[in-house]
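Note that this is a predicted model, so its numbers are computed, not measured.
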Amino acid sequence: MASVRSRFRFVPLLAAVALVASGCSGRDSFSAPVPEIPAATVPIEMLEDPRLAELLDAARVWRESRGPGRAVVDQVVLVDDAASFFSALAGWDRDSFHPILIDDPRWTVPFLKAFRPAAIVRWSSFPRRRFGGPLDEWAAASDAVARAWVEDGPGRSAPPSSALRPRELGPTPPGVVLSHPGSPALAGAAALAAGRFQPLVGVDRIVAEDRVGFLDFHATLTEKQAVAFARDVEARAATVARRHDGLGDDVDFLTLAGDWPYGYDFDRGSDLNRGVRAVDDLLGRALAPGTELDVDAARARWAYAGRLLGDAPTSVYRAMAALFLQPDSALLWNTYGVGSPWSDYDVAGAATVLRSIRPDFDVEARGGDRADLASWHEAARGGVGRDLLVMNSSGEPGRFTIAGGSGVPADVPFGGASTVAMIHSFSAADPTDPDTIAGRFLDRGAFVYHGSMNEPYLNGFRPPYLLARLAVAGVPLGAAARQGAREAFGFPWRLVYLGDPLYRVDVDPDRSRRPSPAAPPPGARLLSARPRPDSDDAAETLDWCYDATLLAVATLGDAGTPDVLEALSNLDRGRLDAGRRAKLDALLIERSTAAGDVSGLIERLLGIPVGERSPTVWRALETAVLDELAARLRANRLDEALNLWGRIASGSWRPGADFPGEATRRLADSVTPARAPALRRAVAEVRDRLAASNALPERREMLEETLRKLDKYQAP
């Protein structure tokens, strides 16, 4: 990718492929019978395997089909809303482009930290192109995409149709972006269409059977409905391409950016094959004609699908990250033991491959005793945040197996722009829920995630070594992560790819220079350092803190901004509106973690009244507490760990969350005979305090159970 100077922090690219890498609900689930695998579908180990020939032949075509070479201008433009975004997007042309974000601190800060632009430009508003009155977002998105494909300047040619391949631009990526009017992710769809010269094509939503409303992301289709949707998608793809029915032609990648169902029920065949499957993995399959068909026979692909999720600011962030960011490092995490099939999914071979990307590419592989839960927190807290995270494990949507206790979404570290690959069952059962593993990674900045939405079985995943070989060979991750027709699970299955399917690891990105930005147009403001305001206006101070943070993480380098953190800590929340409170929370979390002040972050977040804590605050508090408990136990500061635990165990928590129980289990898992008496006294004290006030009866039951478990320990 041209002129990209990224500096990801905890960017899981191979992370999503490896984070929940077991691909089964637990290691013991492998004792269940696994569908018979013909000899022809034993795992692929080498790129020379003939079963990869079709994919690698297509990949050669893909490498030559990137469209006009664009320069990446060394600036990031921040806009206020989707309407402004479409106007800004129309300012791209065939020769140059630059990142544009709908300004939201959750996404703006991590993107700037990774991209490091020379300039940040803020437009408070753009002229609105209106189509017969109120803004027609679909028309605005289509117009912006088309205008982004043509040369800029006085003689600018008329834009082509954004719903057709721009053939006058030479070989362009063989992708199509699918969306619909009213889609929450329409802005992100437009970004990927404009950025990769892909048509933006409308596909209707699926009407509910009662003809009242539509079936949304969380609806589960019947197999018949899913096949009908797949045929509809293929029919739309056929309208924009002369050839689409095989790999290496005009349409090989589909990006779903609409509110369509995620899963469908498959109720035929053996019990192992029955259950919910991924709609996305059915799309792009060569389906036999007729109404009655064997879906499992649809092994051949004509396209690979990926799904772009999120509202306008979120989907734009994920699209811009895929367009402009490249990894500089990788963390590969192996929780498996020795012996087949687990040894086939070891990460050591993948680490060797990834080290070949660039001389300065930083790769760390952990396994065995160095890959337990305590080491996980130590690595994350020590700044070993990685652009690519490869991890294997086992578990369920909200839990992953790791030595030293089981991991939960709260163990997903504070991070930044990232790509995640997880070999693990159910991790992506509901990626819109931040209380699941995939959902938490996405919430923490992952812009690509590959994982399973149902039990996939371990050999449903490609091993990390093969995934790494394909990635380094330039195969887009949307294809590298999917099994082929002659592999064990090459039929429509349960794995999902969330993000831009055309995203690839560039082994030789040109990071040496970017064209300097031009002077901002009228109405725009170049962000620059300014003195801290003298007034006690809370909103004005917060805005200054935000601008100072953006400059610190981008153009000035994130050397620390103690004055900003001090100002944020002293702001009166009661004098801020709801929108600014959310910005304050995001900045408190980011600045505290950037300064390595996890303990201070806990104090700041606990200082927010319980009724005012947003879900973002609760989730950050959970991660900070688990991280700080791990750090204090590593340093053998038991009294400090027990003091922190006591405050959590005796306090109110968000409804439906068992985090005080999780923190208690985490402490109990770390117990030794020497520690047991102190821990038992602390648990009994909290139980008695709650009993005296007749508070939290379920919490007291949990503490009683913990005391019974601790009774078996005796001090030496």
Side-chain angles (χ1 to χ4, degrees), residues 1-13 66-79 85 88-89 91-104 106-121 144-145 148-149 173 175 177 187-198 255 306 308 310 313-329 357-358 387-388 415-419 445-448 474 476-478 499-517 550 553-555:
M1 191 168 293
S3 306
V4 178
R5 209 170 14 104
S6 85
R7 192 174 58 93
F8 292 9
R9 276 335 205 187
F10 221 99
V11 179
L13 163 64
R66 298 203 185 190
R70 273 173 166 160
V72 180
V73 179
D74 202 2
Q75 69 177 13
V76 172
V77 171
L78 305 180
V79 300
F85 174 77
L89 191 66
W92 287 359
D93 61 42
R94 59 169 292 169
D95 298 319
S96 66
F97 64 157
H98 54 266
I100 307 165
L101 298 171
I102 301 176
D103 194 13
D104 182 324
R106 296 179 305 154
W107 312 124
T108 300
V109 174
F111 185 91
L112 291 177
K113 189 178 293 189
F115 187 72
R116 300 288 297 276
I120 304 170
V121 177
V145 170
W149 291 347
V177 181
L192 286 180
R196 298 210 189 279
F197 303 100
Q198 303 175 89
T255 301
L308 185 67
T314 306
S315 65
V316 165
Y317 159 76
R318 291 171 181 162
M320 292 295 160
L323 290 171
F324 293 101
L325 300 183
Q326 278 290 309
D328 284 327
S329 59
I357 290 180
R358 292 185 297 277
D387 304 343
L388 309 181
S418 62
T419 302
F447 61 88
V448 167
L477 294 185
D500 173 16
L502 276 162
Y503 183 74
R504 73 182 82 208
V505 177
D506 196 334
V507 298
D508 188 26
D510 178 10
R511 300 164 186 259
S512 61
R513 66 178 183 84
R514 298 173 181 158
S516 299
L550 298 186
V553 301
T555 58

Exercise: identify the closest heavy-atom pair between Ala194 and Ala148: CB-CB, 3.8 Å
N/O donor-acceptor pair under 3.5 Å between Arg504 side chain and Gly474 backbone: yes
Polar side-chain atom of Arg70 near backbone of Asp93 as donor-acceptor pair, under 3.5 Å: yes
Any Leu323 side-chain heavy atom under 4.5 Å of Leu192 side chain: yes
Residue pair Ala190 / Val145: nearest heavy atoms and the distance that separates them: O-CG2, 3.6 Å
Heavy-atom side-chain contact between Val109 and Leu550 under 4.5 Å: yes
Straight-line distance of Thr314 OG1 to Trp107 CH2, nearest 0.5 Å: 5.0 Å
Non-hydrogen atoms of Val553 and Arg116 that approach each other most closely: O-CD, 3.3 Å
Donor-acceptor under 3.5 Å (Asp74 side chain, Ala118 main chain): yes
Gap between atom OG1 of Thr108 and atom CG of Leu78 - 0.5 Å precision: 5.5 Å
Interatomic distance, Leu325 atom CG to Lys113 atom NZ [nearest 0.5 angstrom]: 13.0 Å
Main-chain N/O of Val73 paired to Arg514 side chain as donor or acceptor, under 3.5 Å: no
Nearest heavy-atom neighbours spanning Pro515 and Val72: CD-O, 3.3 Å
Stepwise side chain to side chain contact (heavy atoms under 4.5 Å, CB included) check, Val177 with Arg196: CA-CA 10 Å; Val177 181; Arg196 298 210 189 279; over 6 Å; no
Pair Asp328 + Arg358, salt bridge at N-O below 4.0 Å: yes
CH2 on Trp149 to CD on Gln198, rounded to 0.5 Å: 8.5 Å
Minimum heavy-atom distance between Arg66 and Phe197, given as atom pair plus value: O-CD1, 4.1 Å
Mutual orientation of the aromatic rings belonging to Phe324 and Phe115 [parallel < 30°, tilted 30-60°, perpendicular > 60°]: perpendicular
Check: Gln75 side chain, His98 main-chain N or O, donor-acceptor pair, under 3.5 Å: no
Under 3.5 Å: donor-acceptor pair, side chain of Tyr317, backbone of Gly445: yes
Evaluation steps, side chain to side chain contact (heavy atoms under 4.5 Å, CB included), between Tyr503 and Gln326: CA-CA 9 Å; Tyr503 183 74; Gln326 278 290 309; 3.8 Å; yes
Smallest separation among heavy atoms of Gly67 and Pro173, with atom names: N-CD, 4.0 Å
Asp95 vs Pro68 side-chain heavy atoms within contact, under 4.5 Å: no
